[in-house]
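To start, the structure under review is shown below, and the notes come after it.
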Protein chains: 2
Amino acid sequence: MSRKDDILDAAERIVATEGLDALAMRRLADEVGVKAPSLYKHVRGKDEVIAALQERALRDFTAALASAPPGVRSLGAAYRSWALAHPAAYAVVTRVPLQRDLLTPGVEEAAAAPVLAVVGGHQERARALWAIAHGLVDLELADRFPKDADLDATWEVAVSAFGGVET
Amino acid sequence: MSRKDDILDAAERIVATEGLDALAMRRLADEVGVKAPSLYKHVRGKDEVIAALQERALRDFTAALASAPPGVRSLGAAYRSWALAHPAAYAVVTRVPLQRDLLTPGVEEAAAAPVLAVVGGHQERARALWAIAHGLVDLELADRFPKDADLDATWEVAVSAFGGVET
DNA sequence: ACCTGAACACCGTTCAAGT
DNA sequence: ACCTGAACACCGTTCAAGT
């Protein structure tokens with residue numbers, strides 16, 4: 001079991017430092033100190049490696065959101081700062097199809113819980129809030145805003161629209 | 001010049017019907033009826049092919065947004081329906097780094113213009129509106145919402161938050 | 001001017017063979 | 001039980017050679 005953990009740790013390291021595109025089975029094997037075919041004794045394939053990274057990232061992200069102070073504004077701030085601090089992990093969770101059959105049931109819902117809670121359980125508002133946080137972060141990480149854009153101000157406008165004024 | 005257009009048309013066809021991942025230079029050469037190395041006489045490389053698709057998609061998307069009836073609600077509807085009708089093109093523009101050095105200057109700004117106009121030229125509101133439209137579409141295309149989610153209602157809530165009530 | 005086969009340095013994955 | 005070299009079917013790209 002420890003060998004599998006070594007592999008996943010190495011994969012996480014590669015993705016964090018060199019990006020998702022750098023994650024190749026041969027490169028991963030090098031990092032572990034073994035030849036590529038050996039990986040397949042511990043892991044079903046690249047899919048399982050990525051699914052494991054998705055699960056780890058999702059749990060970490062959820063914890064960050066759950067420990068944010070109450071209020072739409074600080075939840076938004078927690079969302080953004082986690083994503084900017086872990087851009088590769090955010091991409092793993094968000095730009096790769098979620099492998100739901102390989103995830104522990106409930107992790108996805110757990111991530112949504114803090115968002116749902118902050119809008120008082122209102123589904124549509126929760127989804128809209130989630131979408132704007134994701135949209136802002138995704139566009140920022142994709143370098144879609146002008147480099148002189150005042151994104152703090154944009155977040156302020158966005159969050160205010162969702163009832164962040166009073167918080 | 002016509003051979004280059006053949007190549008780009010073929011690339012557009014492959015991406016539209018089989019998705020971005022199916023776009024390989026050998027596969028593209030097959031579609032054109034030539035061997036892969038020949039492509040490089042007409043095109044600098046895969047990057048140029050993708051940049052050309054980005055430009056085409058961006059122009060088409062811009063035209064769709066520009067011809068939407070006035071108002072935040074219908075602009076949102078135009079955004080969503082174009083993206084859902086052309087998911088691969090939306091991905092090309094949104095999930096691949098924009099190759100700005102290979103794009104005609106101004107196409108990116110042109111796409112933003114209708115959004116900026118609908119919020120009366122207010123930069124922060126325009127960016128926030130853009131983010132929520134992109135966030136909703138990206139999450140929907142990535143299959144992130146439950147399949148029974150009422151996304152029309154979610155869009156309504158989102159658009160209302162940005163002053164779509166009166167329109 | 002355009003096209004080709006062969007090649008290079010890569011992918012993910014399988015499998016027979018070794019310990 | 002774990003690891004390996006060789007192989008398969010792929011990538012993007014280059015280049016000498018042909019017409």
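No experiment lies behind these values; they were computed from the predicted model shown. Chain letters run A, B, ... following the sequence lines, proteins first, then strands; residues in each count from 1.
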- In whole Å, what separates the P atom of C:dA7 from that of D:dA7? 16 Å
- Opposite nucleotide pairing with D:dA9, Watson-Crick or G-U, both atom distances under 3.5 Å: none
- Does A:R3 place a side-chain N or O at less than 4.0 Å from the phosphate oxygens OP1/OP2 of D:dC3? yes
- Message: Other residues, nucleotides and ligands only: do more than 12 of their heavy atoms fall within 6.0 Å of CZ on A:R13?
- Response: yes
- Grab the CZ-C1' distance between B:R27 and D:dA9 for me, whole Å please. 16 Å
- Query: When we call it a touch if two heavy atoms are under 4.0 Å apart, what does B:L23 touch: a base, just sugar-phosphate, or nothing?
  - Reply: sugar-phosphate
- Item | Closest to the A:V34 side chain, choosing from C:dG5, D:dT4, D:dG12 | D:dT4
- Carboxylate-amine/guanidinium proximity below 4.0 Å for A:E108 and B:R144: no
- To the nearest angstrom, the CD1-P distance between A:I7 and C:dT13 comes to 13 Å
- Query: C:dG12 P sits how many Å from A:L39 CG, rounded?
  - Reply: 10 Å
- Task: Report, as yes or no, whether the 6.0 Å neighbourhood of atom CG on B:D21 holds more than 12 heavy atoms from other residues, nucleotides or ligands.
- Result: no
- Separation of atom CG in B:L20 from atom C1' in D:dG12, rounded to whole Å: 15 Å
- Item | Base partner of C:dA17, which must satisfy Watson-Crick or wobble distances under 3.5 Å | none
- Would you mind telling me which residue lines up with the more 5' stretch of DNA chain C, B:S38 or A:K41, judged by nearest nucleotide? B:S38
- Salt bridge flag under 4.0 Å for residues A:D138 and A:R95: yes
- Task: Kindly say whether the aromatic ring centers of A:F162 and A:W130 come within a distance under 6.0 Å.
- Result: no
- Taking atom P of C:dA16 as reference, at what distance in whole Å does atom OH of A:Y40 sit? 17 Å
- Return the value, rounded to whole Å, for the distance between atom CZ of B:R44 and atom P of D:dT13. 10 Å
- Query: Is the distance from OP1 or OP2 of D:dC3 to the nearest side-chain N or O of A:K35 less than 4.0 Å?
  - Reply: no
- Item | Distance below 4.0 Å between A:H42 side-chain N/O and D:dC3 OP1 or OP2 | yes
- Please give, in whole Å, the distance from C:dT14 C1' to A:M25 CE? 12 Å
- Which residue lies toward the 5' end of DNA chain D, A:A36 or A:R26, if each is placed at its nearest nucleotide? A:A36
- Message: If I take atom CG in residue A:D30 and atom C1' in nucleotide D:dC3, what distance separates them, rounded to the nearest angstrom?
- Response: 15 Å
